[in-house]
Amino acid sequence: MNRILLAALLASSLVAQSERGSITGVISDPTGAAVPGAQVTITNRDTNGISKSVATASGEYSVPNLSPGTYRIEVTAAGFKRYLQQNAVVTASSTVRIDAVLQLGQVTDQIEVTATSASIQTESSRVSTSVQNKLVDELPLVVGGAMRSPFNLVSVAAEARGSGQTLSIGGGQAAQWDATLDGHSVGTNRSGDTAEAALNTPSVEALTEFTVDTNGFKAEYGQAGGGVMTFASKSGTNAF
């Protein structure tokens, strides 16, 4: 019985540390009143994967478990024009806030917002640096005289210092960081050494992006006392 309980606890702890992000917000009308029951459809522009949600009585909605990527948000409600926003970017382990103001009219009419969503994290107090696929692919292949590993790229974060066993993030103690790949820890039990942890990660070319949290990260990262690195591997898209 104890073994079963321990296995369940370990499994739950692995699921909690995820590279997945979420989109949340409030649906309102032009007067600022909530629009309960509004239908929210979020589509991944690379894969056409669809996630749906329904606004609560207070107009709030939340769509979790989204892989890093660019999304299209569509909101519909009876008596209002269709709301459409393009290019909402979800980075690794981030929460993006998209508030929608619906205009009176027929659902067949449409209001389209083409501006990208704000890059400032407003849903939590964490301080993070996100590096997306373009930079991961185009940064030099050699960093510091050696072939690069995912941990070499962490140096782009303003609050990262040192390397190997001396790496510190966000002013924390050296070797007190944690790192995950697709929600699974890639750290080692012996020491906080990026050279050892790199053995548990794929090549840089297999990554789509990564995020470095230097402060304010969630309590689910219980093994980290000085920063969290979240790596996300590439997935397939509809493009050849």
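- Every side-chain hydrogen bond (donor to acceptor under 3.5 Å, both in side chains) that Thr56 has, sequence neighbours left out, goes to Ser58.
- Taking CG from Asp178 and OG1 from Thr180, the interatomic distance works out to 7.0 Å, rounded to the nearest 0.5 Å.
- In this structure, Ser168 contributes its side chain and Gly162 its backbone to no donor-acceptor pair below 3.5 Å.
- Within the structure, salt bridge (charged side-chain N to carboxylate O under 4.0 Å, His left out) pairs that include any residue of residues 27-46 do not occur (at least two apart or interchain).
- Here the OG1 atom belonging to Thr194 is positioned 8.5 Å from the CD atom belonging to Gln165, to the nearest 0.5 angstrom.
- Using a 4.5 Å cut-off on side-chain heavy atoms (C-beta onward), Asp182 and Ser233 make contact.
- Residues meeting the side-chain contact (heavy atoms from CB on, under 4.5 Å) test with Ser22, sequence neighbours left out: Pro64, Thr95.
- Between the side chains of Asn87 and Thr70, not a single donor N or O lies within less than 3.5 Å of an accepting N or O.
- Tyr71 and Asn44 make their closest contact through OH-ND2, 3.3 Å (heavy atoms, listed as atom of the first residue, atom of the second, distance).
- Evaluation of the side-chain hydrogen bond (donor to acceptor under 3.5 Å, both in side chains) rule for Thr47 yields no partner, not counting sequence neighbours.
- Residues forming a side-chain contact (heavy atoms from CB on, under 4.5 Å) with Ala38 (at least two apart in sequence, or on another chain): Ile27, Val35, Ala55, Val75, Ala77.
- Residues forming a side-chain contact (heavy atoms from CB on, under 4.5 Å) with Ala34 (at least two apart in sequence, or on another chain): none.
- Atom OG1 of Thr211 is separated from atom CE of Met229 by 12.0 Å, given to the nearest 0.5 angstrom.
- For Thr24 against Ser62, the heavy-atom pair with the smallest separation is OG1-CB, 3.9 Å.
- Cluster membership for Ile73 and Val26, using ILVMFWY side-chain heavy atoms within less than 4.5 angstrom, is not shared.
- Ala57 is linked by a side-chain contact (heavy atoms from CB on, under 4.5 Å) to nothing, counting only residues two or more places apart in sequence or in another chain.
- Taking all atoms of both residues into account, the shortest heavy-atom contact from Val54 to Gly37 is CG1-CA, 3.7 Å.
- Partners of Phe151 according to the ring-ring contact (aromatic ring centres under 6.0 Å, His included) rule, which considers only residues two or more places apart in sequence or in another chain, are Trp177, Phe231.
- For residues 79-88, the salt bridge (charged side-chain N to carboxylate O under 4.0 Å, His left out) pairs, not counting sequence neighbours, are Glu74-Arg82.
- Scored by the salt bridge (Lys or Arg N to Asp or Glu O under 4.0 Å) test, Arg72 finds no partners at all (sequence neighbours excluded).
- Residues meeting the salt bridge (Lys or Arg N to Asp or Glu O under 4.0 Å) test with Asp99, sequence neighbours left out: Arg97.
- Under a cut-off of 6.0 angstrom, the local environment of CD in Gln106 is sparse, with at most 12 non-hydrogen atoms contributed by other residues, nucleotides or ligands.
- Note that the OG1 atom of Thr43 and the CG atom of Leu84 stand 9.0 Å from one another [nearest 0.5 Å].
- With rounding to the nearest 0.5 Å, the separation of CD1 in Ile42 from OG in Ser53 is 7.5 Å.
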